[in-house]
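Every chain is numbered from 1, with letters handed out A, B, ... down the list of sequences.
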Amino acid sequence: MCPALKVAGDAVEINVLEDASDIPEFVKWVKANKAGLGCDTETTGLDWWSESFRLRTVQFGNHSTAYVVPVEVSEDLWDAAVGAIRFLDKLAFQNAPYDLLVLDSQTELNMEDIWPKVTDSKILGHLVDSRARKEGGSGHSLEDLTRCYIGNDVADKIKGSMAELARSMKTTKAKVFETIDVWHGGYLTYAGMDPVLTYRLAKKLGPLVPVSARKLIRFEHKVAEICSYMSRTGFLLDVEYTKALSERLHLEELEYTQICRDLQCENPWSTDQCANALIFLGYPIDNFDRTKTGKLKVDGSLLERVMGDKRSSDMLKLLAHSIDRAKSARKRRQTWVDKFLGQRDRDDRCFANINSIQARTARMSITGIPAQTLPGNDAEVRNCFVADEGHVIVSTDYSNMELRFLAAHSQDPTMLAAFRDGDDLHQLTADAAGVSRKAGKTTNFCVVFGGGWKAVHEQAGVGEEEAKAAVEGFWKTYPGVKKLADKLTQEARRNGYITTASGRRLYVDRGREYSALNYFIQSGSRDITCRALVRMHEAGLTKYMRLPIHDEVVFSVPYAHRLKAAKMTAELMAETIKGLEIPTDPEIGGRSWGSLYELEHTKH
DNA sequence: TCGTGACGCACC
DNA sequence: AAACGGTGCGTCACGA
């Protein structure tokens, strides 16, 4: 028995099962709590797919009592924990996808059987307040939610106890979980507190979800479930190709780093050193922009200016080019290629960690395989991933989802007609304002982002006057959009938040009410993709899904069924919003993901 | 030795 | 009156 602890004034009892003789008491307690308990796992790390990964303890908790089951010490304890999970009607987890992937991969339990019983306190927390802690919101980690809804003192104690463990063991936090003795008192206290906090948070947060968002609770749990199946499936890596690419990028990096060194730039990753070396070779210091902290700005556009400047010497141009190439090669290798190789499992699969409800707008984020940020202008990096044996890659995305969503919800007649008639919306905006198509297109996107003429000016590379005319023309051409934007801005000003088409509450920062339109569109578009995931799941397509990427879903499908699969995904994903269809565009590729990008490559 | 902020760049 | 929204990740630089 651990020392008594207090949470928000209540004593919390943490029990540890030491051997089989403790099991009857635990079973009795679980039976008395059949309706539901908080649950958590402690493991050796986060890489649930790796061979060295181990499940160490499973913990259960209610409002005031916790049981820590050190499943790694005996089969009896293992069976007791597994039995409890099977027996309980409801289970509350904090970030359920992770724990369920652990239980699924390490025990005889299946995610499919656990998910229907799950409440995820992270999902509830996000539905209550989607903002990160930095943004003035609650945040969504266990520590943040505890701090916000239970008490600072408890959150500090949890955080402090972990740091203390690391200190006492003279190691890093990550190593603690791998090496600490399972009977260590501090460890067991830490482990036991988590399910108690999760249980309390789940109880507390449920009623705080705004009425308009209640229907999203089930929906978001389903989306998280589907994403966890995609995580579990993983994506097959073409190891031979990936190794060769890594090697090539490494040589490229070395070659260009050497040139930088020869030109007095020892470290091209230090912006200070780059600036100094460029100035040393004669580039005028006045030509630099400054960062907001007043330092010389060295970015891609500066390097481009150096290379394009007629007054630049050959050496200066060579330095700018070499800095760019060295950085680019290393970025590709470190951020993507080598990461894939390092993370693969014994079957050469990589596993994405999909946070199905992460951003302030509820957009997903994907780490592990950073699928949302793979370079899109060539096939090189994406070719690392391939469809399963006998499969090909299919990718289905929405056409113009955000602008169509805007047209549907604003019911602006001009914009609606343009989409219905298949007109060129970018040209339409351009014609209305008497500007180039490029300015028109950029304006359409900038308005969605909440940008103004300055953004159009910089992004489209058109003059200030043309940019001003384009933005002014936009609002005149689409008065319905203006009306929606004004309505949302006022709503944000009045309430401090907007309610999206799905009923989600999104807080908007004071003084930044112009972003309300973007939140509405971005969040609504994300919900469209997620509803499509649910429909495809119900149609039995989950095992072919690999990754959701904003307005796109990537699949691996059997070659023989590629046509039918593409058609099915296109039909299931398409959705009609207020009478306007958001159409989809399925693409059938070859074995590698990059094959879908090779055509676009020829554009350059 | 770490954690963190600034910066730059990859994307929708 | 105007207003660039949302991410992940790697490096450098700095401070506890």
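- The A:Pro375 side chain lies nearest to B:dA10 when the options are B:dA10, C:dG6, C:dC4.
- Closest to the side chain of A:Thr367, from the set C:dC9, B:dG8, B:dC12, is C:dC9.
- Residue A:Thr291 places at least one side-chain N or O closer than 4.0 Å to OP1 or OP2 of B:dC7.
- Panel note: side chain A:Glu472, backbone A:Ala470; no donor-acceptor pair is recorded below 3.5 Å.
- Here the side chain of A:Asn383 pairs a donor or acceptor atom with the backbone of A:Gly594 at under 3.5 angstrom.
- One finds a side-chain N or O of A:Arg330 lying less than 4.0 angstrom from the OP1 or OP2 phosphate oxygen of C:dT11.
- Comparing C:dA3, C:dT7, B:dG8 against the side chain of A:Lys327 picks out B:dG8 as the nearest.
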Please produce a list of atom pairs where a protein N or O lies less than 3.5 Å from an N or O of nucleotides 13-16 of chain C.
residue, atom, partner, partner atom, Å
C:dA13, OP1, A:Ser270, OG, 3.1

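- Judged by distance alone, with hydrogens and angles left aside, the side-chain atoms of A:Asp144 form no donor-acceptor pair with the main-chain N or O of A:Gly139 at under 3.5 Å.
- In this structure a side-chain-to-backbone donor-acceptor pair under 3.5 Å is missing from A:Asp551 to A:Met401.
- Of the listed nucleotides (C:dG6, C:dT11, C:dG8), C:dT11 has the atom at the smallest distance from the side chain of A:Gln334.
- If A:Trp269 and A:Arg360 are placed on DNA chain C by their nearest nucleotide, the residue sitting closer to the 5' end is A:Arg360.
- Between the side chain of A:Thr500 and the main chain of A:Gly524, no donor-acceptor pair closer than 3.5 Å is present.
- Candidate nucleotides C:dG8, B:dC7, B:dC9 were compared by shortest atom distance to the side chain of A:Gln358, and C:dG8 ranks first.
- For B:dC12, the base has no donor-acceptor partner in the side chain of A:Glu552 [N/O atoms by modelled type, under 3.5 angstrom].
- Within the nucleic acid shown, A:Gly294 has no heavy atom closer than 4.0 Å to any nucleic acid atom.
- When rounded to the nearest whole Å, the span between CD1 of A:Ile323 and P of C:dC12 equals 14 Å.
- Contact check, A:Lys331 against B:dA10: no side-chain N or O comes under 4.0 Å of OP1 or OP2.
- Applying the 6.0 Å contact sphere to NZ of A:Lys317 captures more than 12 heavy atoms from other residues, nucleotides or ligands.
- Relative to the six-membered ring of A:Trp269, A:Arg330 meets both conditions, a distance below 6.0 Å and an angle of at most 45° to the axis.
- Remark: the backbone N or O of A:Glu178 is not paired with any side-chain donor or acceptor of A:Thr44 at under 3.5 angstrom.
- A:Asn355 places no side-chain N or O within 3.5 Å of a backbone atom of A:Gln358 that could act as its donor or acceptor partner.
- In this structure, the CG atom of A:Asp299 is 18 Å from the P atom of C:dC12, given to the nearest Å.
- Looking only at distances, a side-chain donor or acceptor of A:Glu466 sits under 3.5 Å from a matching main-chain atom of A:Ser436.
- A distance-only check finds no donor-acceptor pair linking the side chain of A:Arg133 to the backbone of A:Ser138 [under 3.5 Å].
- At a threshold of 4.0 angstrom between heavy atoms, the contacts of A:Ala359 are confined to the sugar-phosphate backbone, with no base atom among them.
- One can place NE2 of A:His550 at 12 Å from P of B:dC11, the figure rounded to the nearest angstrom.
- Distance NZ (A:Lys482) to C1' (C:dA3): 12 Å, rounded to an integer number of Å.
- Taking the six-membered ring where the residue is Trp, A:Phe520 and A:Phe405 present tilted rings, their angle falling between 30° and 60°.
- Side-chain proximity of A:Trp453 to B:dC12, C:dC9, C:dA3: nearest is C:dA3.
- Under 4.0 angstrom from either OP1 or OP2 of B:dG8 there lies at least one side-chain N or O belonging to A:Lys297.
- Shown for residues 441-450 of chain A: residues whose heavy atoms fall under 4.0 angstrom of DNA chain C, namely A:Phe449, A:Gly450.
- Taking atom CD1 of A:Ile498 as the reference point, atom C1' of C:dG5 lies 12 Å away to the nearest angstrom.
- Judged purely by atom type and a 3.5 angstrom limit, A:Asp299 uses its side chain to pair as donor or acceptor with the backbone of A:Leu302.
- For the pair A:Asp397 CG and B:dC11 P, the computed distance is 16 Å after rounding to whole Å.
- Atom CG of A:Leu296 and atom P of B:dG8 are 10 Å apart (whole Å).
- Of the residues in residues 503-532 of chain A, A:Gly511, A:Arg512, A:Tyr514, A:Ser515, A:Asn518, A:Tyr519, A:Gln522 come within less than 4.0 Å of DNA chain C through at least one heavy atom, sorted by number.
- Here C:dT7 is the nucleotide among C:dT7, C:dC4, B:dC9 with the atom lying nearest to any side-chain atom of A:Glu135.
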